[in-house]
Amino acid sequence: YQIRSFFVTLIVFNVELMASITTLAFARDSAFLSNAEMVVLPMVLCLTILLAVFTVLILVQYEWRKAMFIYYPLSIITTAYYLYKLVDVAIEFHDYTSTPDHCSTPEGNYQSVAAVLLLACILGILAYPAIITVACITHHNFGKGLKNIGGKKEVPLVRC
């Protein structure tokens with residue numbers, strides 16, 4: 001039960017992290033995004049949200065073993081974007097201090113946006129092994145009921 005709750009927490013963390021990265025990436029009137037990334041980024045965010053809802057509401061709730069193998073390859077898409085964005089921001093870090101010509105609000109220095117983007121991407125990349133490890137443990141425990149780690153006492157769904 002506790003490992004399932006931790007798995008759900010990690011999935012929610014991943015969604016929140018992806019939403020934060022999306023918000024930061026669209027800073028300064030999307031001046032830091034290519035046209036392709038402006039299309040792909042919202043799709044990755046939607047995929048992350050749909051995958052989280054599918055995983056939490058169906059896979060974990062109903063302990064659907066075979067469908068967990070759908071989760072594993074699809075979950076790497078978000079991490080691949082984190083890795084891409086980390087490299088992109090690191091390479092283009094100097095652009096976050098300049099003001100582009102097509103920007104409607106020239107506000108100057110966006111290095112803090114770049115720093116937070118780098119930090120969020122690093123957190124996302126570091127969280128991926130934890131998510132997959134906990135997903136594997138949760139998957140392995142499917143069908144064993146809601147028990148504590150010792151397995152001696154069942155944990156009630158609702159505590160009074």
**Request:** Assess whether side-chain hydrogen bond (donor to acceptor under 3.5 Å, both in side chains) is satisfied between Y82 and N14, documenting all intermediate values.
**Result:** CA-CA 11 Å; Y82 293 152; N14 194 34; 2.8 Å; yes

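The shortest heavy-atom contact between T133 and P129 is OG1-O, 2.7 Å. Closest approach of L10 and A130 over heavy atoms only: CD1-O, 3.8 Å. Nearest approach of A52 to V15, heavy atoms of both residues: CB-CG2, 3.5 Å. When every heavy atom of L118 is checked against every heavy atom of A90, the shortest pair comes out as CD2-N, 4.0 Å. The minimum heavy-atom distance linking I132 with S75 is given by the pair CD1-OG, 3.5 Å.
If you look at H139 and Y71, their ring centroids are not closer than 6.0 Å. Taking the six-membered ring where the residue is Trp, the centroids of F6 and F13 are separated by 6.0 Å or more.
Taking 4.5 Å as the limit, every side-chain heavy atom of Y128 sits out of range of all side-chain heavy atoms of T78. Looking at P42 and F26, their side chains come closer than 4.5 Å, going by heavy atoms from C-beta outward.
Under the side-chain contact (heavy atoms from CB on, under 4.5 Å) test applied with L83, the options I125, D88, I122 reduce to a single match, I125.
For the atom pair Y81 OH and E37 CD, the distance stands at 3.5 Å (nearest 0.5 Å).
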